[in-house]
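These notes are about the structure you will find just below.
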Amino acid sequence: MSETADSVLSIRNLKTYFFLDEGTVRAVDGVNLEIPKAQTIGIVGESGCGKSVSAFSALRLVAEPGEIVEGEIILHREDGDVVLTDLDDEGEQIRSIRGKEISMIFQEPMTSLSPVHRVGAQIVEAVELHTDLQGQDAMDHAIHMLERVGIPDAPRRATEYPHELSGGMRQRVMIAMALSCQPSLLMADEPTTALDVTIQAQILELMRDLQTEFDMSIMLITHDLGVVAEMADEVAVMYLGRVVEQGSVERIFVAPKHPYTKALMRSIPGIGGGRKTELHTIEGSVPDPFTRPKGCPFHPRCEEAVKGVCDVGDRPELIEIEPGHDVACVLYREEAVDA
Ligand code: SF4
């Protein structure tokens, strides 16, 4: 795992729980994650594994009945660190960080865009709030950003409402808005899932280009391993609220170690597999959110589970088994690299 000095954001032992009448959902239950500087980290895992809640926790946007109950999230800046988990979630400091230093884009652009305001005006609002540019200068910057994300005839498009644009164009507008203040970290939550494959490829290429141009980190939250393989430098695999494996994209795709990661990799349709090759599925389903299995939470579904070892005691901790490659599984205890 990357060292803090190379990270833009450190998430340490983060626990975010939702307190419902039916019980407590431990959506994020001890996440440790370093988001590398100027690189892309793909966060993968099935629905409900805590990927998005981790991102919302960093932005301090966890709504009631959710609450960060433990842990630290630290934003590393040139001029010193800011502990985001210490900030008032409605306070001025976190509001100046959201949208300026950390931006977020979603699967559905209408989550970010107002349907009743022209797209140019919406970008101007963000620019005026977070930079010194005001009035016509802010609008010129908004139009420049629309051009930068490939919107043709940007001055005219800036005067249109979101419903007048296609889905792909709305996604581009959302990216333009997210990047208008040059954030150091872009959180992208399933940014291309709702788009058809051609537009998806264009949006991914655009994100890659802008990342290089702005020297920005991307936290790419997705269940699509194809997108991760194409975009990410680093991968973190999450299961039931924790990271169970993290390493470079090459390591995770070529030689995954955790049985859950291996099962995920086997479930990708292969080009060379032939038309009649059956796709591998992961047996069973994610346990109900109120009750966690004892021991390793993956043991009821794990093909390599060791009876009497995996189903007792605490969850296995994440250990470094080779430089830059961490796994949380009892099978690798002997391979732990001493710190
Ligand atoms: Fe499977 Fe046991 Fe490893 Fe969990 S700890 S992934 S159950 S082998």
Side-chain angles (χ1 to χ4, degrees), residues 1-14 31-43 54-61 68 71-105 123-134 137-138 140-142 144-145 148-149 174-189 191 206-221 231-236 243 246-249 323-324 326 339:
M1 200 185 298
S2 314
E3 294 299 320
T4 298
D6 301 322
S7 305
V8 66
L9 193 82
S10 300
I11 300 179
R12 299 197 183 136
N13 193 31
L14 178 70
V31 163
N32 286 296
L33 199 58
E34 299 289 332
I35 311 295
K37 266 187 193 153
Q39 291 195 349
T40 298
I41 182 166
I43 314 289
S54 300
F56 279 110
S57 300
L59 287 164
R60 303 300 313 280
L61 287 174
I68 297 175
E72 271 191 334
I73 304 174
I74 303 161
L75 176 68
H76 304 291
R77 287 171 165 163
E78 299 283 311
D79 59 353
D81 294 348
V82 188
V83 182
L84 301 178
T85 32
D86 285 350
L87 302 181
D88 171 4
D89 58 10
E90 306 251 312
E92 202 159 304
Q93 216 180 339
I94 190 71
R95 281 195 276 128
S96 73
I97 288 170
R98 283 184 208 133
K100 183 168 192 287
E101 287 172 84
I102 307 176
S103 274
M104 191 152 182
I105 58 174
I123 301 175
V124 165
E125 192 184 352
V127 172
E128 289 188 337
L129 184 68
H130 293 302
T131 74
D132 294 336
L133 298 174
Q134 302 294 317
D137 290 341
D140 290 346
H141 182 63
H144 166 73
M145 285 308 300
R148 191 58 206 82
V149 297
M174 187 168 58
I175 294 173
M177 187 153 80
L179 301 191
S180 58
C181 303
Q182 301 207 1
S184 47
L185 171 61
L186 176 69
M187 292 175 164
D189 193 354
L206 171 67
M207 284 172 60
R208 263 199 310 264
D209 289 351
L210 294 170
Q211 176 180 37
T212 314
E213 187 176 327
F214 295 143
D215 208 20
M216 159 181 85
S217 305
I218 298 180
M219 180 173 168
L220 179 65
I221 299 165
M231 287 286 290
D233 304 286
E234 184 103 356
V235 184
V243 175
Q246 183 173 356
S248 69
V249 76
D326 298 356

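What's counted below: heavy atoms across the whole structure, side chains too, no hydrogens, waters or symmetry copies.
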Evaluate side-chain contact (heavy atoms from CB on, under 4.5 Å) for Met187 paired with Phe56, printing each intermediate quantity in order. CA-CA 9 Å; Met187 292 175 164; Phe56 279 110; over 6 Å; no

Distance-only side-chain donor-acceptor flag, Glu34 / Ser10, under 3.5 Å: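 Judged by distance alone, the side chains do pair up.
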
Reported [atom1]-to-[atom2] distance for the pair [X] and [Y], which is rounded to 0.5 angstrom:
{"X": "Glu72", "Y": "Arg12", "atom1": "CD", "atom2": "CZ", "result": "6.5 Å"}
{"X": "Ile97", "Y": "Leu84", "atom1": "CD1", "atom2": "CG", "result": "5.5 Å"}
{"X": "Ile175", "Y": "Ile105", "atom1": "CD1", "atom2": "CD1", "result": "4.5 Å"}

Set of side chain to side chain contact (heavy atoms under 4.5 Å, CB included) partners for Ser54, sequence neighbours left out: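 Only Val28, Val31, Met238 meet the side chain to side chain contact (heavy atoms under 4.5 Å, CB included) criterion with Ser54.
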
Please answer whether the main-chain N or O of [Y] pairs with a side-chain N or O of [X] as donor and acceptor at a distance below 3.5 Å.
{"X": "His141", "Y": "Ser180", "value": "yes"}
{"X": "Thr131", "Y": "Leu133", "value": "yes"}
{"X": "Asp81", "Y": "Ile74", "value": "no"}

Other residues, nucleotides, ligands: >12 heavy atoms within 6.0 Å of Asp88 CG: yes

Once side-chain hydrogen bond (donor to acceptor under 3.5 Å, both in side chains) is applied, what residue pairs with a partner in residues 92-105 remain, sequence neighbours excluded? Arg77-Glu101

Mind listing the side-chain donor-acceptor pairs of residues 207-218 below 3.5 Å, one per line with the distance, residues two or more places apart or on another chain?
unit_1, atom_1, unit_2, atom_2, d
Arg208, NH1, Glu230, O, 3.4
Gln211, OE1, Thr40, OG1, 3.1
Gln211, NE2, Gln39, O, 3.2
Gln211, NE2, Thr40, OG1, 3.0
Gln211, NE2, Met216, O, 3.1
Thr212, OG1, Arg208, O, 3.0
Glu213, OE1, Arg148, NE, 2.7
Glu213, OE1, Arg148, NH2, 2.7
Glu213, OE2, Arg148, NE, 3.4
Ser217, OG, Pro36, O, 2.9
Ser217, OG, Ala38, N, 2.9

